[in-house]
Protein chains: 2
Amino acid sequence: MPRPHRPTIIDVAHAAGVSKSLVSAALRGDAGVSADSRRLVEQAAARLGYRTNGWAQRLASGRSNLVGVLLTDLRNAYHTDIVNGIEDAAAEAGYGVILSHGRNDPGILRARLADLVGLGVDAVIAVTARLGERDLADVAGRLPLVVVGRPATVPDTAGWISNDDETGARLAVEHLLSAGHTRIAYLYASDRPAAVARRDSYRATSGATGLEFDERDDGIRRLVDAVRSPAGPTAVFTANDRLAVSLLARAADEGIDVPGDLAVVGYDNTELAELMRPGLSSVDQPREWMGRTAMRHVLSMLGGEAPQRDIAEPTLVVRASSRSSDDRPGAGGHGATLGSRPARCGE
Amino acid sequence: MPRPHRPTIIDVAHAAGVSKSLVSAALRGDAGVSADSRRLVEQAAARLGYRTNGWAQRLASGRSNLVGVLLTDLRNAYHTDIVNGIEDAAAEAGYGVILSHGRNDPGILRARLADLVGLGVDAVIAVTARLGERDLADVAGRLPLVVVGRPATVPDTAGWISNDDETGARLAVEHLLSAGHTRIAYLYASDRPAAVARRDSYRATSGATGLEFDERDDGIRRLVDAVRSPAGPTAVFTANDRLAVSLLARAADEGIDVPGDLAVVGYDNTELAELMRPGLSSVDQPREWMGRTAMRHVLSMLGGEAPQRDIAEPTLVVRASSRSSDDRPGAGGHGATLGSRPARCGE
DNA sequence: CTGAAAGCGCTTACAG
DNA sequence: CTGAAAGCGCTTACAG
């Protein structure tokens with residue numbers, strides 16, 4: 001494909017019989033260009049198949065009108081709504097969005113963050129907890145950076161949409177307590193801040209039964225074994241849905257009835273939670289809102305305001321996996337309609 | 001944050017006491033720059049915290065070394081391995097990757113495709129079947145475009161990594177036939193080319209039993225009802241895993257045993273297939289390979305070669321959802337180790 | 001409302 | 001192996 005000399009604004013100017021700056025002004029939609037001139041320019045541009053050269057535009061204007069979004073990985077359904085929220089808010093403000101992901105690897109994450117900055121975006125939203133303060137601070141010193149999630153620390157030069165893991169875990173455990181469970185376990189698989197916060201809140205709420213299982217140490221198997229013993233747990237709160245789903249599979253394999261023998265509550269309320277049988281109770285986060293809010297922070301920082309912090313309030317969605325038999329509605333365990341709003345929280 | 005005059009190569013040149021072009025050459029890693037000069041320049045650059053301005057570089061060089069990747073949506077786990085394949089091949093060739101997604105909406109998809117082109121990437125890989133030939137041809141006339149998937153038509157100005165849906169469906173149905181099933185149903189939810197190709201191949205292989213169910217027309221419910229009738233299906237092949245999972249949930253709700261009452265085989269072998277109980281048999285596609293191959297096509301087109309077409313050969317992964325009781329191995333239904341390679345296909 | 005000039009920060013030939 | 005010049009295609013003031 002011998003690129004046939006892509007037309008420039010000079011070509012359009014010639015074709016329209018006007019000056020180059022008029023073309024620029026007209027194309028940018030600058031007010032103060034007569035309707036006639038504008039039409040003239042637009043027609044000439046269309047006739048020549050003119051497309052503005054983004055690199056030149058950005059070099060000359062000094063702004064890209066682009067925000068880079070960095071995701072921990074592509075696999076996590078949790079990200080989707082956040083990205084949509086960001087994109088909607090960005091589009092409303094005339095910004096484009098560039099996506100990148102770190103394959104769940106801190107090294108790759110760091111490299112992608114650098115790529116994004118090198119690309120020349122105006123700001124970055126990092127939807128990940130796996131970036132160190134050093135890396136975050138480095139970028140935040142250069143351009144507006146907003147973190148979505150719960151890393152160990154976020155430099156105060158960056159904006160931050162934080163999870164309220166304490167409340168989320170409390171909602172889950174209180175729900176199980178109010179269903180009569182007294183021996184509630186916690187299943188986790190990492191020492192990341194969110195998992196630790198959930199655990200601490202679990203301990204404070206459940207009365208620290210000592211029933212904690214680390215999947216990195218074969219926790220699911222040990223948990224399932226424990227369920228069979230007399231003083232074993234009758235319910236479990238897991239650090240995320242992924243773990244809960246693996247647990248459900250194992251329980252099914254081992255003939256353990258959920259919720260009969262073991263009630264289960266997960267975290268994140270991903271698409272999976274609704275598809276599983278039994279349906280998985282899970283703590284939901286306002287993901288769309290988190291995305292929109294992150295973009296709002298970006299815009300305010302771009303406008304020169306200081307970085308802020310916002311906290312996302314979780315809610316609990318109850319499904320069959322934690323429903324006691326006496327309040328089980330009908331056959332299935334759908335319950336998607338249940339408790340998707342804060343209303344259910346305190347119950 | 002008062003941007004403190006970001007240093008340019010001119011600043012670096014002054015600091016290093018050399019000319020601006022030497023800085024450019026050294027920074028680009030141009031051979032033919034003495035080791036001493038290079039060190040001098042690099043040190044000065046590091047000292048000043050110099051970062052190359054991507055927009056200027058791309059404007060001046062005329063290339064971005066960036067390929068845009070457009071995904072149907074972010075939710076589909078199917079995409080992940082493809083993207084990884086693309087990124088690995090791109091990195092090896094010195095290219096960066098920019099991600100975009102269309103939220104499963106043809107209009108948004110089209111807009112994002114235009115955004116990518118407007119951004120100024122060197123080439124585009126469209127991992128979607130939801131773009132019309134018009135849109136594809138429009139882009140393919142401008143820069144190298146490679147399509148991954150199975151749209152209705154792909155202009156021959158574009159490269160193409162196509163699914164072999166015929167073979168995939170045949171593998172699934174033959175597997176069910178060889179397990180003794182004679183009344184095999186097909187469950188689908190769209191008329192997209194891939195679904196149609198799978199259906200046609202299903203018909204040809206299964207002997208067209210007429211047991212076809214469209215989920216847009218309450219197909220899952222009707223299928224489950226049919227299973228209970230004397231001449232109802234004893235097995236079903238679904239157009240994708242998502243449908244299969246919904247079916248498994250419904251079957252569980254209705255007390256239908258899988259695979260006892262109904263054997264199920266899905267398509268795509270997403271992560272879900274392995275997590276479900278019973279584990280879901282599914283047709284696998286070589287996603288990583290598809291991504292790498294797409295990038296290889298891009299590079300060859302960038303090198304002036306004509307667009308080509310490649311076909312991805314599917315394989316079948318058998319899990320508990322379609323395993324007859326006499327060959328069920330032990331308790332569970334994991335079987336992730338089974339048939340993940342072509343070896344199993346012909347059986 | 002319109003036009004000529006300078007400049008954004010690089011790279012690309014092209015002399016030395 | 002190194003330096004001065006021109007140019008990539010826009011935008012931004014700034015006169016008219």
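All of these numbers come straight from a predicted model, not from anything done at the bench. Computed over heavy atoms, backbone and side chain alike; hydrogens, waters and symmetry mates excluded. In the text below, chain A, chain B and the rest are named by the order of the sequence lines, each starting its count at 1.
- Sorted by first and then second residue, the pairs that involve residues 93-106 of chain A and meet salt bridge (Lys or Arg N to Asp or Glu O under 4.0 Å), not counting sequence neighbours, are A:R103-B:E87, A:R103-B:D88.
- A residue-by-residue look at A:V23 and B:A35 shows that B:A35 has its nearest nucleotide of DNA chain D further toward the 5' end.
- Under the ring-ring contact (aromatic ring centres under 6.0 Å, His included) criterion, no residue pair touches residues 90-124 of chain A, with sequence neighbours excluded.
- Within 4.0 Å of A:S34, counting heavy atoms only, lie sugar-phosphate atoms of the nucleic acid but no base atom.
- Annotation: salt bridge (Lys or Arg N to Asp or Glu O under 4.0 Å) contacts involving residues 144-156 of chain A, sequence neighbours excluded, comprise A:R150-A:D165, A:R150-A:E166.
- Here the range on DNA chain C touched by chain A, meaning any atom under 4.0 Å from one of its heavy atoms, is C:dC1 to C:dG9.
- Nucleic acid contact class of A:L22 (heavy atoms, under 4.0 Å, all strands): sugar-phosphate only.
- In terms of the salt bridge (Lys or Arg N to Asp or Glu O under 4.0 Å) criterion, B:D11 has no residue partners (sequence neighbours excluded).
- Applying a 4.0 Å cut-off to non-hydrogen atoms, the residues of residues 14-21 of chain B that approach DNA chain D are B:S19, B:K20, B:S21, listed by residue number.
- Here A:M290 contributes atom CE and A:Y78 contributes atom OH; the two are 3.5 Å apart, rounded to the nearest 0.5 Å.
- Within the structure, ring-ring contact (aromatic ring centres under 6.0 Å, His included) pairs that include any residue of residues 11-64 of chain A comprise A:W55-B:W55 (at least two apart or interchain).
- Proximity of residues 45-60 of chain B to DNA chain D (heavy atom under 4.0 angstrom from any strand atom) is restricted to B:L59, B:A60.
- Remark: B:S34 pairs with B:D36, B:S37 by the side chain to side chain contact (heavy atoms under 4.5 Å, CB included) rule, at least two apart or across chains.
- Looking at heavy atoms from C-beta onward, A:T72 lies in side-chain contact with A:N104 at the 4.5 angstrom threshold.
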Next on the checklist: Both atom distances under 3.5 Å, Watson-Crick or G-U wobble: I'd like the secondary structure of DNA chain C as a dot-bracket string, with | for pairs made across strands.
Outcome noted: |||.||||||||.|||
Checklist entry - Run the salt bridge (Lys or Arg N to Asp or Glu O under 4.0 Å) check on B:R134 and B:D138 step by step: do they pass? => result CA-CA 6 Å; B:R134 175 73 139 285; B:D138 190 50; over 6 Å; no
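- Partners of A:D135 under the salt bridge (Lys or Arg N to Asp or Glu O under 4.0 Å) rule, at least two apart in sequence or in another chain, are A:R110.
- The salt bridge (Lys or Arg N to Asp or Glu O under 4.0 Å) check on B:R28 picks up B:D30, with sequence neighbours excluded.
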Next on the checklist: salt bridge (Lys or Arg N to Asp or Glu O under 4.0 Å), that's the test. Do A:R292 and A:D81 meet it? Break it down for me.
Outcome noted: CA-CA 10 Å; A:R292 294 196 78 98; A:D81 300 319; over 6 Å; no
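- In this structure the side chain of B:R130 reaches within 4.5 angstrom of the side chain of B:R192, judged on heavy atoms.
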